[in-house]
Amino acid sequence: MTYVLVRLDGLYIFDDDINNFKLKELSFDIKELIDIESRKLPDKIKELIKDDYIFIGQKFENYRYTDDVKIIRKALEKVKDRYNNELLLNLLKEKISNSVSKDELIIQAIRFLDNLNKSINLIVEMFREWYGLYFPEISQNIEDHEKFVKTILNKKREDLIKEYNIKITMGGKIFDEADYNILNNIGSHLYNLYTLRKNIEDYIEKLMKEYAPNLSEIATPNIGARLIALAGGLKDLSSLPSSTIQILGAEKALFMHLTKKAKPPKHGVIFNHPYLQKLPQKARGAMARTLASKISIAARADINKDIIYDKLKAELDRRYEQLKNRK
Amino acid sequence: MKLKPLKENKNIFIDDKGRLYTKNLVKGQKVYTEKVFKYNNEEYREWVLKKSKLSASIKKNIGLVPINEGDRVLYLGIAAGTTASHISDIIGNDGMIFGIDIAPRILRELVPIIYKRDNIIGLLNDSDKPDSYLHIVPKVDIVYQDVAQPHQIKIFLENIDYYLKNRGYGFLAVKARSINVAKDPKEIFKDVRKSLEDHSLNILKEVRLEPYHKDHAMFLIENK
Ligand SMILES: C[S@@+](CC[C@H](N)C(=O)[O-])C[C@H]1O[C@@H](n2cnc3c(N)ncnc32)[C@H](O)[C@@H]1O
């Protein structure tokens, strides 16, 4: 028997008891190194392999191999201690570059969106406080932040007073042009931030519908994106049991359950799904279970590039109607 | 300030306040937030106890630091190279670290460090598949592992079986939380000890890493 081992410096051809070897020196480029790792044999090695050769620990398709640890250890004791640092550094860079995926884009986008929301809320609250010195009545009239910003943008107090029929304002009299301008300036930046938020939401929706159409339909694009982010990728999500999917995003509650004997969580981010939101409390657990199991199937279909969301959606809808009508 | 070599390892230094240092292999390079400074015409880097489980374990009297100039080291979970950079200082230009990590994002931070440190090779691989780097990694003097994974012991043992020389050393940093959040760390470390012994490894020392790393322990083993 003849054992062989592919190394950076070539093909090691060992005798029966791994005591002696011949080295067929070869050099590989990055593509070949990536092939070797994904267990595709570069042509220049194929040429050298005879039928009775057995690869040591390296399982190339259609070739014989052994995973006997004793043989692996012994072979490694013999091989030469030589490395091409520059090649390996370039290999690392190439692999990092190849790792950037749509998953990554979704994860960054959803994380950015959440933090943008937090930032907007912080800024808008401070803005409303400041603006209250100028014209508090309008702030008291409009609770919704975005609507508030859109209402006051590029308008003076005089216009708003008429528009909202407010006779006497508590706003300060000392406002001159500069005092007003800075407020309007902040308002216009906030307006842009709301536009940015909308653009990111649209982007996520479009990306999700292309990348994970089944998941988007069943979970909604937004929740689907969050599930992908929480699982670390679509592939990871698709391999989770649906009981885990059901509580993704509720890790803190789960931790409290495991360590402090608190109640186990019933749902994580899927809690925000419109069907769960619309159902009464007591029906939500059952809905969450069904939803999680459909999500799991949808994610697997997305990995396999199947389109099955019509059927899944119909099943989900049926369950929802059932639970809605249950007394 | 006065620096003295440590009795456990002459390439690790200690000052009168008990802080640890290594001699910087790459002049002027700072790898993380450590202090870099000149002393007796040599450049040193502080080995921050809270940033490295290895320096914390030395501080907590692991007793033996068998890392020598010229050593080959297989480092599983090298991340951004915080600890590896100090090992790199210790083993010098004749040594070599093969640093495996599964996360491309963190390896992005390692790349600029490798540019200047010729004794570190970074590999984007899953250390749970030790055969995936059989064409690159040689037999090593030391296997160092810090991957914070539920099945980290299995990973450690597999890599030892493949790559660690007879009578080579292994450092295993265990984070109880990653193995099981609900279980008492003491119990977890007991289980680890048992798995290592069942694999017929000599456990030379086990130290807890508090207060520098909560619920962590470092095991130093020797291959038979
Ligand atoms: C706690 S960090 C290591 C910190 C580092 N040892 C230091 O002290 O500078 C754990 C690292 O293990 C990596 N990791 C987790 N699972 C892994 C696996 N199966 N194979 C390789 N690396 C893994 C993670 O990506 C992470 O970078």
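Letters go in sequence order (proteins before strands), and every chain restarts at 1.
Residues B/Leu107 and A/Leu92 meet the side-chain proximity criterion, which asks for heavy atoms closer than 4.5 Å. Looking at A/Glu37 and B/His135, their side chains come closer than 4.5 Å, going by heavy atoms from C-beta outward. In this structure, the side chains of B/Tyr163 and A/Ile72 stay at 4.5 Å or more apart for every pair of heavy atoms.
Between chain A and the residues B/Asp161, B/Ile121, B/Ile136, the most heavy-atom pairs under 4.5 angstrom are made by B/Ile136. With respect to chain B, the highest number of heavy-atom pairs below 4.5 Å among A/Glu86, A/Arg39, A/Lys59 belongs to A/Arg39. In terms of non-hydrogen atom pairs under 4.5 Å with chain B, the most contact-rich of A/Asp67, A/Leu5, A/Leu8 is A/Leu8. Across B/Asn125, B/Ile114, B/Ile120, the residue that shares the most heavy-atom pairs under 4.5 angstrom with chain A is B/Asn125.
For B/Ile106, no part lies under 4.5 angstrom from a heavy atom of chain A. Contact annotation for B/Arg105: neither backbone nor side-chain heavy atoms come within less than 4.5 Å of a heavy atom of chain A. If you measure heavy-atom distances from A/Ile96 to chain B, the contacts under 4.5 Å come from both the backbone and the side chain. At a 4.5 Å heavy-atom cutoff, the contact between B/Leu124 and chain A is made by backbone and side-chain atoms alike. Using a 4.5 Å cut-off between heavy atoms, A/Lys93 contacts chain B through its side chain alone, with no backbone atom that close. Looking at B/Lys129, neither its backbone nor its side chain comes within 4.5 Å of chain A, counting heavy atoms on both sides.
No more than 12 heavy atoms of other residues, nucleotides or ligands sit less than 6.0 Å from atom NZ of A/Lys305. A 6.0 Å sphere centred on CG of A/Asp81 holds more than 12 heavy atoms belonging to other residues, nucleotides or ligands. Within a 6.0 Å sphere centred on NZ of A/Lys74, heavy atoms belonging to other residues, nucleotides or ligands number more than 12. Taking a 6.0 Å sphere around NZ of A/Lys44, one finds it holds more than 12 heavy atoms contributed by other residues, nucleotides or ligands. Summarising the local packing, NZ of A/Lys70 is surrounded by 12 or fewer heavy atoms from other residues, nucleotides or ligands at distances under 6.0 Å.
Among residues at least two apart or in separate chains, salt bridge (Lys or Arg N to Asp or Glu O under 4.0 Å) pairs with a member in residues 1-20 of chain A are A/Asp9-A/Arg82.
A/Asn85 places a side-chain N or O within 3.5 Å of a backbone atom of B/Asp118 that can act as its donor or acceptor partner. Counting only distance, with no hydrogens or angles, the side chain of A/Arg73 and the backbone of B/Leu164 share a donor-acceptor pair below 3.5 Å.
To the nearest 0.5 angstrom, B/Arg108 atom CZ is 8.5 Å from A/Ser99 atom OG.
Residues of residues 167-196 of chain B placed with any heavy atom under 4.5 Å of a heavy atom in chain A are listed by number as B/Arg177, B/Val181, B/Ala182.
Partners of B/Asp128 under the salt bridge (Lys or Arg N to Asp or Glu O under 4.0 Å) rule, at least two apart in sequence or in another chain, are B/Lys154. Under the salt bridge (Lys or Arg N to Asp or Glu O under 4.0 Å) criterion, B/Asp94 pairs with no residue at all, not counting sequence neighbours.
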